[in-house]
Amino acid sequence: MNEILAKYISERNKKISTYLKSNRIEAYRAYDFELKDFPVNIDIYGKYAHIAIYEDSENSISEEIKNTIQEAIRESLHITVSHQIWKYRKQQKGKSQYEKLGHKKNLFTIKEYKSEFFINLTDYLDTGLFLDHRETRQLVAKLATNKERLLNLFSYTASFSVVAANAGIRFTTSVDMSNTYTEWAKENFRLNKMNTFDHIAIRENVFIFLDTAKKKRWKYDLIIIDPPTFSNSKKMRSPFDVQKDYPKLINTSLELLNDDGILLFSTNYKKFQLDDEKILARKIHDITKETIPIDFSDSNIHKCFMITKKEFYPLHISI
Ligand SMILES: C[S@@+](CC[C@H](N)C(=O)[O-])C[C@H]1O[C@@H](n2cnc3c(N)ncnc32)[C@H](O)[C@@H]1O
């Protein structure tokens, strides 16, 4: 059995090896649940494999299958079992998706194009870098050249701000409610030798930040909004639900956007539908297809929209 999977992974990785090497990409998806007998995702972060099992009643795996996968990873990717980190992902909601799993603080760094990021594979469900947004980050880098100010909402470890700063944007503001991720963001800024006066990470509820920013008339050239599907916390007046709350979130953010600015909105909610009529902007482009990296076979891993206030659309930007 493990030969089938090992061969599949080897061939898959051969196809993308030039893309990875020529772009200095050290974190990528090596296997994306393409074979129904092996219901996992295998992501490579430097010397480690991070294996996510999506466990529900239909999709849990036996010890035997687990051993087969371990062996296939060893054979095809030359990663020993000691460097394979397994995560059992149930459908998480609200706070539980960000809770701590451990305290090993086993941090290391990986490179991606011009940027570097701190990764922690053991202590949380997520790793510090969302790989499905690699091309979105490249788009942000392209949009950031010649721009002054970026606002990154629900910024997590601020990877969008890091790539924008490395592309030359002067000021970035990253907003996330979590203390852990705000600190992680600052570590990423330092790792990339960013000036932490011009590039700031604020621990705040996005909705409170938006109220303040509106009152103070702060303006941005580029706004990125990548919210969770659902979020709830003591700091929030009411729970956030992306499908219900996206019009208010996008429209309030548009008030902070300069007239020739660009807003990117993204969500991992698979059933998400955006109704253009509810958005107070001129142009809404669904750029989902262009932002799915070639190492992902799930074309519905995220949805992404580029929103502008004017007819203007940066057509010279090819992702
Ligand atoms: C999907 S992650 C964002 C991923 C990030 N944009 C990236 O590409 O790395 C969602 C983030 O939203 C944060 N969050 C959830 N609700 C929030 C709120 N009301 N205000 C601020 N941050 C929030 C979480 O702490 C988490 O870091």
Side-chain angles (χ1 to χ4, degrees), residues 27 43 45 89 91-100 110 112-113 115-120 123-141 144 150-165 172-189 192 200-213 222-246 248-250 252-253 263-270 272 291-293 296 301-305:
D43 292 335
Y45 288 86
R89 281 198 95 112
Q91 275 307 322
Q92 305 282 332
K93 265 199 164 188
K95 209 167 172 271
S96 62
Q97 64 196 316
Y98 306 114
E99 268 165 18
K100 240 187 148 130
I110 63 98
E112 181 185 278
Y113 291 86
S115 303
E116 280 193 61
F117 302 101
F118 275 112
I119 302 297
N120 180 339
D123 297 344
Y124 308 90
L125 264 182
D126 294 318
T127 60
L129 188 66
F130 287 105
L131 302 186
D132 63 301
H133 273 312
R134 189 186 314 116
E135 298 307 321
T136 325
R137 284 190 284 277
Q138 279 314 102
L139 172 64
V140 168
L150 164 93
L151 175 62
N152 182 1
L153 299 176
F154 307 94
S155 52
Y156 187 48
T157 57
S159 59
F160 285 124
S161 310
V162 168
V163 295
T172 68
T173 301
S174 304
V175 184
D176 198 286
M177 204 164 59
S178 150
N179 195 30
T180 306
Y181 300 142
T182 310
E183 289 308 310
W184 199 330
K186 290 177 191 166
E187 291 298 327
N188 276 337
F189 293 165
N192 287 272
I200 53 173
I202 301 175
R203 182 195 178 190
E204 185 55 280
N205 175 357
V206 156
F207 298 94
I208 294 179
F209 175 87
L210 287 174
D211 280 349
T212 311
L222 194 51
I223 299 181
I224 297 157
I225 314 177
D226 181 24
T229 300
F230 189 82
S231 157
N232 198 3
S233 115
K234 273 182 260 152
K235 282 203 207 140
M236 295 167 67
R237 279 172 232 134
S238 55
F240 171 77
D241 173 338
V242 73
Q243 187 59 73
K244 191 162 69 60
D245 299 322
Y246 79 88
K248 184 168 174 258
L249 177 59
I250 295 177
T252 314
S253 303
L263 185 151
L264 292 184
F265 177 80
S266 162
T267 173
N268 291 92
Y269 178 45
K270 289 196 182 283
F272 183 77
T291 59
I292 307 288
F296 280 73
I301 182 83
H302 66 237
K303 292 196 169 71
C304 197
F305 302 88

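One-based numbering, in listed order, for ligands and for the atoms of each. All values derive from a computational prediction rather than experimental measurement.
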Take every heavy atom of Glu204, measure it against each atom of ligand 1, and state whether any distance is under 4.0 Å. yes
Tell me if the aromatic rings of Tyr246 and Tyr269 count as close, with their centers under 6.0 Å from one another. no
Can you tell which of Val206, Asn232, Val242 gets a heavy atom nearest to atom 20 (N) of ligand 1? Val206
Taking the inter-plane angle between the rings of Tyr156 and Trp184 on a 0 to 90° scale, is it parallel (under 30°), tilted (30 to 60°) or perpendicular (over 60°)? tilted
Can you name the residues that form a salt bridge (Lys or Arg N to Asp or Glu O under 4.0 Å) with Glu204, not counting sequence neighbours? none
Provide the closest heavy-atom pair for Ser253 versus Ile225 in the form atom of the first, atom of the second, distance. OG-CD1, 3.4 Å
Phe160 contact mode with ligand 1 (heavy-atom cut-off under 4.0 Å): side chain
Considering all heavy atoms, the nearest Ser115-Asn192 contact: CA-OD1, 3.5 Å
Which ligand 1 atoms, with their elements, are less than 4.0 angstrom from a heavy-atom of Ser159? 9 (O)
Regarding Ser159 and His133, is there a side-chain donor-to-acceptor distance under 3.5 Å anywhere? no
For ligand 1, find out whether one of its N or O atoms is nearer than 3.5 Å to an N or O atom of Phe154. yes
Ligand 1 atoms in contact with Asn205 (distance to a heavy atom under 4.0 Å): 18 (C), 19 (N), 20 (N)
Number the atoms of ligand 1 from 1 as they appear, then name those within less than 4.0 Å of a heavy atom of Tyr156, with their elements. 3 (C), 4 (C), 5 (C), 9 (O), 27 (O)
Shortest reach to atom 4 (C) of ligand 1 by a heavy atom, considering only Thr180, Asp226, Ile202: Asp226
Looking only at heavy atoms of Asp176, does any of them come nearer than 4.0 Å to an atom of ligand 1? yes
Taking all heavy atoms of Lys303 and all of Lys270, pick out the closest pair and write down the distance. NZ-O, 2.7 Å
If the cut-off is 4.0 Å to any non-hydrogen atom of Ser178, which atoms of ligand 1 fall inside it? 25 (O)
With nothing but distance in play, are any N or O atoms of Val175 less than 3.5 Å from an N or O of ligand 1? no
Among the heavy atoms of Tyr181, does any lie under 4.0 Å from an atom of ligand 1? yes
Counting from 1 in the order shown, the ligand 1 atoms closer than 4.0 Å to a non-hydrogen atom of Ser231 are 15 (C), 16 (N), 17 (C)
Least distance between heavy atoms, Glu135 atom then Thr291 atom: CB-O, 3.8 Å
Qualifying residues under salt bridge (Lys or Arg N to Asp or Glu O under 4.0 Å), relative to Asp176, sequence neighbours excluded: none
